[in-house]
Amino acid sequence: MILYFSSTGNCEHVATHIAKQTGDVAVSIVTLMKAEQTSVELAEGEQLGLVFPTYFGVLPTIVSDFLAGLHVGSQGDHYVFFVDTYGFHYGNLAPQVAKLLRQAMGREQDADFLLQMVDNWVPAFDLTDEAYVTDADRKAEEALTRVAERVVARERARVKGEWPAPVLFGMKAAYRAGSKTKSFSVDDACVGCGLCARQCPLEVIQMRDGRPVWAKPTCTVCLGCLHHCPTNTIAYGKHTKGHGQYHNRHL
């Protein structure tokens, strides 16, 4: 079983690709959350894969909250691996995952793999730059092939956190600040289709009088609403307009 969280398709693509190579199944944690499923059972010898993105150098809150409430039933020996997808910095996800796995199944992962992909943090990156997107995607596909080969071989390899404690503390604070939904806005070109509300993994967005409203003060800031908006009318802060949208082109 390979568990993943994906907003724009990067982690979904990674999880499904590795699943095909290993004869496994990829499962979205959002699907499990909506079904209120907080436990998984592994058959004897079955692998457990985790594929999650880096947000501000840490785990997205939707992921950390899910793993904190997860119980993994296991029989015998299992190969447990984690793939950290990132755009610019990979941060300190591996130690976080190790701690949460100790709570969930009494042991840490056997392997951590880093996979740099297209950075879709649109407040900072211009995704209309086709040369950047194409080149980053090509490199990511080459790296994904190597990661899948290492998983098939059940390689054991661990990654240390990238940042010292003071930097990580600052990035956690930045993530908390960035998670405030007051940063989102929608312009008058919105057609009221409701896609943003339907795809929001935490059901933060509600449709009121044909307009999306962020009904909770914080979210996991996956920016799925912005990237999936068919009219590109959702903005986050002051620097996303004109920076385009992103969806993994292999899905």
Side-chain angles (χ1 to χ4, degrees), residues 1-55 58-86 90-91 93-117 140-141 143-159 199 201-203 220 222 224 248 250-251:
M1 177 181 294
I2 302 176
L3 304 178
Y4 70 89
F5 169 66
S6 189
S7 174
T8 59
N10 279 346
C11 285
E12 181 180 359
H13 172 54
V14 172
T16 53
H17 178 85
I18 295 175
K20 289 179 181 178
Q21 300 301 309
T22 58
D24 210 335
V25 59
V27 180
S28 167
I29 68 167
V30 176
T31 300
L32 298 180
M33 290 171 63
K34 289 184 176 181
E36 298 183 349
Q37 183 175 339
T38 58
S39 64
V40 296
E41 295 292 328
L42 300 179
E44 186 172 354
E46 182 181 0
Q47 72 175 10
L48 175 63
L50 305 172
V51 182
F52 299 130
T54 302
Y55 287 3
V58 298
L59 278 174
T61 51
I62 188 173
V63 175
S64 57
D65 289 348
F66 171 79
L67 291 179
L70 181 67
H71 170 73
V72 180
S74 59
Q75 301 178 19
D77 188 33
H78 305 279
Y79 177 64
V80 182
F81 69 90
F82 166 53
V83 180
D84 173 359
T85 70
Y86 68 102
Y90 64 83
L93 267 63
Q96 284 185 275
V97 169
K99 179 180 179 180
L100 290 165
L101 278 176
R102 286 196 298 270
Q103 298 173 3
M105 63 184 303
R107 54 162 294 187
E108 299 181 2
Q109 65 267 33
D110 298 298
D112 307 309
F113 302 111
L114 299 173
L115 183 54
Q116 188 171 21
M117 308 190 77
E141 286 301 289
L144 175 56
T145 297
R146 294 191 294 271
V147 168
E149 290 172 349
R150 296 173 72 184
V151 171
V152 169
R154 296 203 163 192
E155 180 177 321
R156 283 165 165 73
R158 296 302 305 272
V159 173
Q199 70 82 42
L202 294 177
E203 300 180 345
T220 203
C222 66
N248 187 284
H250 301 284
L251 293 176

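Here, residue 1 is the first one in the sequence, and each next residue gets the next number. Below, all heavy atoms of this structure are taken into account, side chains as well, without hydrogens, waters or symmetry copies.
Applying the side-chain contact (heavy atoms from CB on, under 4.5 Å) criterion to Thr38, with sequence neighbours excluded, gives no partner residue. Legend: residues meeting ring pair (Phe, Tyr, Trp, His ring centres under 6.0 Å) with Phe81, ordered by chain and number and at least two apart, are Tyr79. Under the side-chain contact (heavy atoms from CB on, under 4.5 Å) criterion, Ala68 pairs with Leu100, not counting sequence neighbours. Under the rule for a salt bridge (Lys or Arg N to Asp or Glu O under 4.0 Å), Glu149 has no partner lying at least two apart in sequence or in another chain. Residues passing the side-chain hydrogen bond (donor to acceptor under 3.5 Å, both in side chains) test with Thr8, sequence neighbours excluded: Asn120. In terms of the ring pair (Phe, Tyr, Trp, His ring centres under 6.0 Å) criterion, His71 has no residue partners (sequence neighbours excluded). In this view, Val152 and Gln21, Thr22 satisfy the side-chain contact (heavy atoms from CB on, under 4.5 Å) rule, not counting sequence neighbours. Every residue meeting the ring pair (Phe, Tyr, Trp, His ring centres under 6.0 Å) condition with Tyr90, not counting sequence neighbours, appears here in chain and number order: Tyr86. Annotation: salt bridge (Lys or Arg N to Asp or Glu O under 4.0 Å) contacts of Arg154 (sequence neighbours excluded): none. Every residue two or more places apart in sequence or in another chain was checked for a side-chain contact (heavy atoms from CB on, under 4.5 Å) with Lys20, and none qualifies. Partners of Asp24 by salt bridge (Lys or Arg N to Asp or Glu O under 4.0 Å), not counting sequence neighbours: none found.
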(message) Does Val40 form a side chain to side chain contact (heavy atoms under 4.5 Å, CB included) with Val27? I'd like the steps, not just the answer.
(response) CA-CA 11 Å; Val40 296; Val27 180; over 6 Å; no
(message) Checking His17 against His250 for the side chain to side chain contact (heavy atoms under 4.5 Å, CB included) test, could you report, in this order, the C-alpha distance in whole Å, the side-chain angles of both residues, the deciding distance, and whether it holds?
(response) CA-CA 10 Å; His17 178 85; His250 301 284; over 6 Å; no
(request) Report the C-alpha separation of Gln47 and Ile2 in whole Å, then their side-chain angles, then the decisive distance to 0.1 Å, and conclude whether the side chain to side chain contact (heavy atoms under 4.5 Å, CB included) test is met. (result) CA-CA 8 Å; Gln47 72 175 10; Ile2 302 176; 4.2 Å; yes
(message) If you apply the rule side chain to side chain contact (heavy atoms under 4.5 Å, CB included), what do you find for Met33 with Leu202, and how did you get there?
(response) CA-CA 9 Å; Met33 290 171 63; Leu202 294 177; 4.0 Å; yes
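For the residue pair Leu3 and Met1, the shortest heavy atom distance occurs at CD2-SD, 3.6 Å. Summarising the geometry of Ala104 relative to Leu67, their closest heavy-atom pair is CB-O, 4.4 Å, with the distance given to 0.1 Å. Ser7 approaches Tyr55 most closely through the heavy-atom pair CB-OH, 4.2 Å. Considering all non-hydrogen atoms of both residues, Leu93 and Pro53 come closest at CD2-O, 3.4 Å.
For Lys99, the NZ atom is loosely surrounded, since the number of other residues' heavy atoms within 6.0 Å does not exceed 12. Heavy atoms of other residues, nucleotides or ligands lying less than 6.0 angstrom from CD of Glu155 number more than 12.
With rounding to the nearest 0.5 Å, the separation of CG in Leu50 from CZ in Phe66 is 9.0 Å. Here Leu251 contributes atom CG and Glu12 contributes atom CD; the two are 4.5 Å apart, rounded to the nearest 0.5 Å. Between Ser28 atom OG and Tyr4 atom OH the span is 4.5 Å, to the nearest 0.5 Å. Atoms CG and OG1, from Leu59 and Thr220 in turn, are 9.5 Å apart once rounded to the nearest 0.5 Å.
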Just list the side-chain donor-acceptor pairs under 3.5 Å for residues 106-117, sequence neighbours left out, or say none.
from, atom 1, to, atom 2, distance (Å)
Arg107, NH1, His78, O, 2.8
Arg107, NH2, Asp110, OD1, 2.6
Arg107, NH2, Asp110, OD2, 2.6
Glu108, OE1, Arg158, NH1, 3.1
Glu108, OE2, Arg102, NH1, 2.3
Gln109, OE1, Ala98, N, 3.4
Gln109, NE2, Ala94, O, 3.3
Gln109, NE2, Asp112, OD1, 2.6
Asp110, OD2, Val80, N, 2.8
Asp112, OD2, Arg158, NE, 2.7
Asp112, OD2, Val159, N, 3.0
Gln116, NE2, Gly87, O, 2.8

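Judged purely by atom type and a 3.5 angstrom limit, Thr54 has no side-chain atom pairing as donor or acceptor with the backbone of Gly91.
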